[in-house]
Amino acid sequence: MHEESELVTGEAVVLDLHVAKLASRALAMALDVLVQFALLFGAFMVLAITLPGIDEALGVAILLVLLVLVMVGYPVVFETLSRGRSLGKLAVGLRVVRVDGGPIRFRHALVRGLAGFIVDFWTLGLFGAVAVIVSLCSSDGRRVGDFLAGTLVVRERVPQSAGYPAIAMPPGLEGWAAQLDLTRLPDDLALASRQFLGRFGQLRPEASHALGWSLAEQVGNALGTPVPPGVPPWAFLAAVLAERRNRDHARAFPAYQAFGPGQPPAPGYPAQPHPGWPAQPAPGPGYMAQPRFEAPPPPPPAAGSATAPAPENPFTPPS
């Protein structure tokens, strides 16, 4: 049983985000507090060693500045640089996102950090009591800082059983996708594309068309390549995600490349082709531009029979 938050984007598309429960958020917060206390203890030790005879008022002022910098600056810096993940959230598998599913920026992290220090946890938060009460009263488990910043904490590590079916490579796009530089594709944009393809059949035609082109343009800008002419946006996204998955499998299973796209070899399957098998051709320009195995041509129609017209769109939309 997975808690999901139905959030509506600007294109009137509902996103299913797996909301982080209170237990996982508390564990991530405890890890972050340990790191913050370790930083404060280290800073106090450095001050005690370097400034042994410091004035008491000056010492208190320095300690207050260090306290604010660590308790506020730590989550703000980490969540800004890592797109919503502090060390505790990274260890537990959580991420802070905007309510529309997009990545947070500095202003979101700053509002969450200030609200967490003043309202949710320390100054007025009664050591986290306010954050716990507000989270329990919210259907999405959001605390005061999340409401003020317009953010939400979601789970990144979702079991595959709760995900969508595997994406297949559209025919004819294998060679084109093999030339892409997918290292520039952000994870949040790939996740948004994956959710769009998983719910393609549930969207209205006008909504799927608008959102598909929007995501395709964002992915194309990130990769530095436009959508190929005649290719629908969902096929473009499916080719990019399928190639990304195939490369991940190839890195995890070295024998994967010897068998081409598909599932990785089962345990015990030979890692290298049999010596008697014909050698695979070396990839080159245009290689795999068409599917590797082509079906034989259909038999000619009988005399007097009507010939069915060829389909205009060779791509089959995902169901």
Validation: residues 55-66 side-chain donor-acceptor distances under 3.5 Å, sequence neighbours left out:
from: D55; atom 1: OD2; to: A57; atom 2: N; distance (Å): 3.1
from: D55; atom 1: OD2; to: L58; atom 2: N; distance (Å): 3.4

So how far is it from L223 CG to T183 OG1, rounded to the nearest 0.5 Å? 9.0 Å

Could you state the interatomic distance from CH2 (W122) to CZ (F127), rounded to the nearest 0.5 Å? 7.0 Å

Enter the distance from F44:CZ to L67:CG here, rounded to the nearest 0.5 Å. 6.5 Å

Would you kindly confirm whether L40 and L47 end up in one hydrophobic cluster when ILVMFWY residues are joined by side chain heavy atoms under 4.5 Å apart? yes

Contacts of V119 that satisfy side-chain contact (heavy atoms from CB on, under 4.5 Å) - sequence neighbours left out: V130, V144

Honestly curious: do L34 and L27 fall in one hydrophobic cluster under the side-chain, below-4.5 Å linking rule? no

For residues 109-117, please give each side-chain donor-acceptor pair under 3.5 Å, one per line with the distance, not counting sequence neighbours.
from: R112; atom 1: NE; to: D146; atom 2: OD1; distance (Å): 2.8
from: R112; atom 1: NE; to: T151; atom 2: OG1; distance (Å): 3.3
from: R112; atom 1: NH1; to: E79; atom 2: OE1; distance (Å): 3.1
from: R112; atom 1: NH1; to: E79; atom 2: OE2; distance (Å): 3.0
from: R112; atom 1: NH2; to: D146; atom 2: OD1; distance (Å): 3.2

Has H209 got a side-chain atom pairing as donor or acceptor with E206's backbone, closer than 3.5 angstrom? no

Work out which heavy atom in P233 is nearest to a heavy atom in A216; give both atom names and the distance. CB-CB, 3.9 Å

Got L87 and L31 here, is their nearest side-chain heavy-atom distance under 4.5 Å? no

Between V153 and V99, is there shared hydrophobic-cluster membership here, with clusters defined by ILVMFWY side-chain heavy atoms closer than 4.5 Å? no

Specify the closest pair of heavy atoms between A28 and L94, including all atoms of both residues, with the distance to one decimal. CB-CD1, 4.2 Å

For residues F121 and M29, determine if any side-chain heavy atom of one lies less than 4.5 Å from a side-chain heavy atom of the other. yes

Quick one: does any side-chain atom of S138 pair with a main-chain N or O of S135 as donor and acceptor, under 3.5 Å? no

From CG (L152) to CD1 (I104), nearest 0.5 Å: 11.5 Å

Would you call R25-D32 a salt bridge at under 4.0 Å N-O? no

Shortest non-hydrogen separation from A192 to L215 and the atoms involved: O-CD1, 3.9 Å

Heavy-atom closest pair, residues S82 and R95: O-NH1, 3.5 Å

Partners passing side chain to side chain donor-acceptor pair (under 3.5 Å) against Q218 (at least two apart in sequence or in another chain): S214

For R244 against A190, the heavy-atom pair lying closest together: NH1-CB, 3.6 Å

Test of ring centre spacing under 6.0 Å for W213 and F236: no

I167 vs R245, side-chain contact (heavy atoms from CB on, under 4.5 Å): CA-CA, chis, key distance, verdict: CA-CA 9 Å; I167 296 178; R245 177 203 60 211; 4.3 Å; yes

Listed by chain and number, what are the side chain to side chain donor-acceptor pair (under 3.5 Å) partners of D188, not counting sequence neighbours? R83

Nearest-0.5 Å distance that lies between atom CG in L90 and atom CZ in F78: 9.5 Å

Where do V76 and F106 land on the side-chain contact (heavy atoms from CB on, under 4.5 Å) test, with the steps shown first? CA-CA 7 Å; V76 173; F106 172 75; 3.7 Å; yes

Considering only residues two or more places apart or on different chains, which pairs with a residue in residues 117-138 satisfy salt bridge (charged side-chain N to carboxylate O under 4.0 Å, His left out)? D120-R143

If you group Ile, Leu, Val, Met, Phe, Trp and Tyr by side-chain heavy-atom gaps below 4.5 Å, do V227 and W234 land in one group? yes

Closest heavy-atom contact between R142 and F147? O-CE1, 3.4 Å

Is it the case that one hydrophobic cluster holds both F200 and L203, taking links as side-chain heavy atoms less than 4.5 Å apart, direct or via other members? yes

Would E243 and L180 count as a side-chain contact (heavy atoms from CB on, under 4.5 Å) if you check the C-alpha gap in whole Å, the side-chain angles of each, and the deciding distance to 0.1 Å? CA-CA 9 Å; E243 179 64 21; L180 296 177; 5.7 Å; no

Working to the nearest 0.5 angstrom, can you tell me the gap between L126 CG and I133 CD1? 8.0 Å

